[in-house]
Amino acid sequence: MTITELSDRLWSDVERVAKYLLPNGKRESHEWVAGSVNGESGKSLKVNLTGKKVWSDFAEGIGGDLLDLWVQVRDCSLHQAMTEAKQFLGITDDDHNFEAKRQKKFSRPKTESLKKHIRKTENCYSYLECRGISRATAEEFKVCDAVIWSHDENRELPAIAFPYKRDGELLQVKRISTERPNGKKVISVEADCEPCLFGWDTVPKNVRVVILCEGEIDCMSYHQYELPALSVPFGGGKGAKQQWIEFEYHNLDRFEEIWISMDSDEVGQEAAKEIANRLGAHRCRLVKLPHKDINECLQAGMTQDEVVCCLETAAFFDPEELYSAREFYHDTVQAFYGKEQYLFRSPWETLNHSFSFRESELTILNGVNGHGKSEILGHVLCEAMRQGTRACVASFELKPAIFLKRLTRQATCNKRPPMIELESAFSFYDDRLWIFGLTGTAKADRLLDIFRYANRRYGINLFIIDSLMKCGIDDDDYNGQKAFLDSLCDFKNKTNSHVILVTHSRKADSEDKPTGKMDVKGSGSITDLTDNLFIIWRNKRRERALQKLQAGQLLSDEEQRHTNEPASILCLEKQRNGEGWEGKIPLYLEEQSHQFLIMEGATPYNYIANMPNSDYDEVWRGENVTEY
């Protein structure tokens, strides 16, 4: 809920709010009157109860909306006022289920580590003054001298320590070298600390606008212009660089407008787009400066009025649906001559020559009950996570623990993994896998609301729904099915995500032949609207022939032929992109891992034994990061 929406909700119940905040006041005509924000009886403070959304304390010359009144009466920050107001109105944020499951325990900077690296000299002030930052500003941000170890130089380098504080609590300390051998700066952070923004304690608690910039010195530069600013912790780029959003999301609720002032280079603008998308493009504006960043503007002698003019003329983020054709020029050239762009590859090299899981696509996985749809899903999911894709799974037919039991078997290649492997599997899932925690039937609209939230806050771009029949749409409600598929297509296009939807086949007289595109149960719009259609078929006639052979029974010529057939076939019945290739690949279900392999007797891939470190871990585990 935005701050504007919350303010409107308070005004819709203004008399109850006024009585709650100012219980010693009284109603006179269309106003609630009191002595002051301290709540005593009197007539200096008046709250309009009808029509105009305003209150004023005429004695003190203050006023505003009801959130401003809440701040004044409670003597609290705007963020705290919003939290209390939501509780008063009985409003629960729509992400409470995610919050309960995403609790992370962070350390605070350790005194021993700080004592080891912090110095009591004052060289940092001279360095910052060369960058246009006054000593008064530096002292307000409580920066100080430090040292940092350079592996390239094999020695300590002088550095500045930037304390990251919020509400007076020290959350992180970042050190950046002021000496840069070979043109490189060395950065270090304290291990296992919370990803957070820099500069919170310098932002007035009641302002409703803020600037997000790319570095600590930029944040201090804006502050020197008397403008409220916060800095992202690890600069430009997307993905892991912007995972602070997960933990600062609601701390930014109080801002009606957010000016995004990242560096003018490609990674800076890439970061600006992701931040705006996840925080809400409706309240974000993109600042363009005449120099690379605000600190260069400061050093160049730009005045406050000139900087404010840049903010006032900052462009809004246009709706995603509206573009000029020219904006797609380079994408078109890439489509003709560039390398194929994809979100992740499948686990099967024979398929990867002709197919990839791409952004902004919908894939249908269809099959008869018992033919291996769940195993295919799990195997694809493991491979997607191995390649760094973040996924959210809505498995309505299985409880989360049962789904994760099956998935962990595939990830560890072990039917009953020991506890150490089980723990490693969940380390593999961390920051890669989210579960929609509902078993049974979900409302389609609610499902997509959660998916949109997950994409904005956590950067998830692979969504799996198992299955269509559990999305609250009747089997014969063809219009409802089409509407849901339309919504899925809108979602995947707007979020650049890939969606995999499980569907079922119509009942047939026999399972001995693969089903086709026309056998997908439900509305014809399912196959019309999807980008890709896969059908998994389990060769039960082969299984029957092998059972007879194992029992020592003679086989007919036809049964003998069946023993030489694949155990399963994955059929790609439709592919809108990728040159439109359609075809089949043979697969064999390996018993121990429940992975589908392209050759019988092949070795399954152990995802846990080969677990990679994520960029996120590298950034925040406290190791030195060299920035160019």
Side-chain angles (χ1 to χ4, degrees), residues 109 124 127-128 131-134 137-144 146 159-167 169-178 185 187-190 193-204 207 209-238 240-249 251-252 254-255 257-265 267-272 274-276 278-279 284-287 289 291-299 307 310-311 314 619-620 625 627:
C124 65
Y127 174 84
L128 290 172
R131 301 286 298 270
I133 306 296
S134 69
T137 297
E139 288 177 344
E140 194 165 354
F141 281 85
K142 295 181 171 52
V143 301
C144 62
I160 299 178
F162 296 91
Y164 279 60
K165 302 178 74 175
R166 187 174 63 228
D167 297 328
E169 182 179 10
L170 183 63
L171 304 178
Q172 174 62 277
V173 176
K174 180 177 176 182
R175 289 171 287 132
I176 303 178
S177 64
T178 54
K185 62 181 175 182
I187 302 172
S188 183
V189 296
E190 298 301 299
C193 291
E194 178 181 344
C196 53
L197 294 166
F198 175 78
W200 272 115
D201 280 4
T202 66
V203 175
V207 299
V209 296
V210 74
I211 302 163
L212 283 184
C213 54
E214 191 167 323
E216 294 81 7
I217 291 180
D218 282 350
C219 181
M220 297 166 75
S221 299
Y222 270 118
H223 183 79
Q224 195 151 306
Y225 279 116
E226 299 181 357
L227 297 168
L230 297 167
S231 169
V232 300
F234 276 96
K238 58 182 180 179
K241 287 292 191 76
Q242 309 308 333
Q243 290 316 306
W244 58 266
I245 296 174
E246 297 180 22
F247 309 99
E248 295 279 30
Y249 191 79
N251 293 321
L252 295 168
R254 67 182 173 101
F255 298 114
E257 285 195 353
I258 298 174
W259 281 286
I260 301 178
S261 177
M262 308 300 284
D263 286 0
S264 58
D265 55 21
V267 292
Q269 297 307 294
E270 185 179 59
E274 175 160 343
I275 292 169
R278 293 177 65 182
L279 294 182
C284 293
R285 299 175 69 173
L286 182 62
V287 178
L289 299 168
H291 300 279
K292 176 177 178 290
D293 55 37
I294 188 62
N295 184 249
E296 289 193 5
C297 294
L298 181 66
Q299 293 182 68
V307 173
C310 291
L311 298 178
V619 169
W620 280 105
V625 180
E627 187 174 297

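Side chains are part of it too, since the values below use all heavy atoms of this structure and drop only hydrogens, waters and symmetry mates.
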Task: Polar side chain donor-acceptor pair, Trp244 to Gln242, under 3.5 angstrom - done: yes
Task: Validation row: Pro163, Phe141 side chains within 4.5 angstrom (heavy atoms) - done: no
Task: Student check: side-chain heavy atoms of Leu227 and Val210 closer than 4.5 Å - done: no
Task: Pro195 vs Gln243 side-chain heavy atoms within contact, under 4.5 Å - done: no
- [ ] Could I get the full list of side chain to side chain contact (heavy atoms under 4.5 Å, CB included) partners for Gln269, not counting sequence neighbours?
- [x] Leu286
Task: Any Tyr222 side-chain heavy atom under 4.5 Å of Val307 side chain - done: yes
TODO: Please tell me if the side chains of Ile258 and Ile211 come closer than 4.5 Å, counting only heavy atoms from C-beta onward.
DONE: no
Task: Partners passing salt bridge (Lys or Arg N to Asp or Glu O under 4.0 Å) against Lys292 (at least two apart in sequence or in another chain) - done: Asp263
- [ ] Not counting sequence neighbours, which residues clear salt bridge (Lys or Arg N to Asp or Glu O under 4.0 Å) with Glu274? List them please.
- [x] Arg278
Task: CD1 on Ile275 to CE on Met262, rounded to 0.5 Å - done: 4.5 Å
Open item on the list: Working to the nearest 0.5 angstrom, can you tell me the gap between Ile245 CD1 and Leu252 CG?
Closed with: 8.5 Å
Task: Contact summary for Cys219 and Ser231, nearest pair of heavy atoms - done: CB-CB, 3.9 Å
Open item on the list: Test of understanding: with side chain to side chain contact (heavy atoms under 4.5 Å, CB included), list the residues that count as partners of Ala276, not counting sequence neighbours.
Closed with: Ile260, Cys284, Phe317
Open item on the list: Within the 4.5 Å heavy-atom criterion, are Phe255 and Leu279 side-chain neighbours or not?
Closed with: no
Open item on the list: On a heavy-atom basis, which atom in Leu289 and which in Ser261 lie closest, and how many Å separate them?
Closed with: CD1-OG, 3.8 Å
TODO: Could you pull out the closest heavy-atom pair between Ala271 and Gly237, with the gap in Å?
DONE: CB-O, 3.2 Å
Open item on the list: Can you list everything that forms a side chain to side chain contact (heavy atoms under 4.5 Å, CB included) with Ala161? Sequence neighbours excluded, please.
Closed with: Ile118, Cys144, Ala146, Val173, Arg175
TODO: Answer whether the closest heavy-atom distance between the side chains of Met220 and Arg131 falls below 4.5 Å.
DONE: no
Open item on the list: Could you work out, with salt bridge (Lys or Arg N to Asp or Glu O under 4.0 Å) as the rule, every residue matching Lys174, not counting sequence neighbours?
Closed with: Glu216
Open item on the list: I'd like to check the side chain to side chain donor-acceptor pair (under 3.5 Å) partners of Gln224; sequence neighbours left out, ordered by chain and number.
Closed with: Ser134, Thr137
Task: Closest contact, heavy atoms only, Arg254 versus Pro204 - done: NH1-O, 3.5 Å
Open item on the list: Between Asp218 and Cys213 (side chain of the first, backbone of the second, donor and acceptor by atom type, cut-off under 3.5 Å), is there such a pair?
Closed with: no
TODO: Apply the test side chain to side chain contact (heavy atoms under 4.5 Å, CB included) to residues Lys165 and Gln172: give CA-CA distance (whole Å), side-chain angles for both, the deciding distance (0.1 Å), then the verdict.
DONE: CA-CA 7 Å; Lys165 302 178 74 175; Gln172 174 62 277; over 6 Å; no
TODO: Check salt bridge (Lys or Arg N to Asp or Glu O under 4.0 Å) between Glu248 and all other residues, then give those that pass, not counting sequence neighbours.
DONE: Arg166
Task: Non-neighbouring partners of Ser221 that pass side chain to side chain contact (heavy atoms under 4.5 Å, CB included), sequence neighbours left out - done: Ile133, Ile217, Ile294, Asn295, Leu298
TODO: Answer yes or no: is there a side-chain heavy-atom contact under 4.5 Å between Leu171 and Trp200?
DONE: no
TODO: Determine the interplanar angle of the Phe198 and Phe162 rings, folded into 0 to 90°, and report it as parallel if under 30°, tilted if 30 to 60°, perpendicular if over 60°.
DONE: perpendicular
TODO: With sequence neighbours excluded, tell me which residues meet side chain to side chain donor-acceptor pair (under 3.5 Å) with Thr202.
DONE: none
TODO: Check for a donor-acceptor pair, side chain of Trp259 on one end and backbone N or O of Leu311 on the other, with a separation under 3.5 Å.
DONE: yes
- [ ] Applying side chain to side chain donor-acceptor pair (under 3.5 Å), name anything that partners Glu140, two or more places apart in sequence or on another chain.
- [x] His223
- [ ] Identify, with sequence neighbours excluded, every residue that meets side chain to side chain donor-acceptor pair (under 3.5 Å) alongside Ser177.
- [x] none
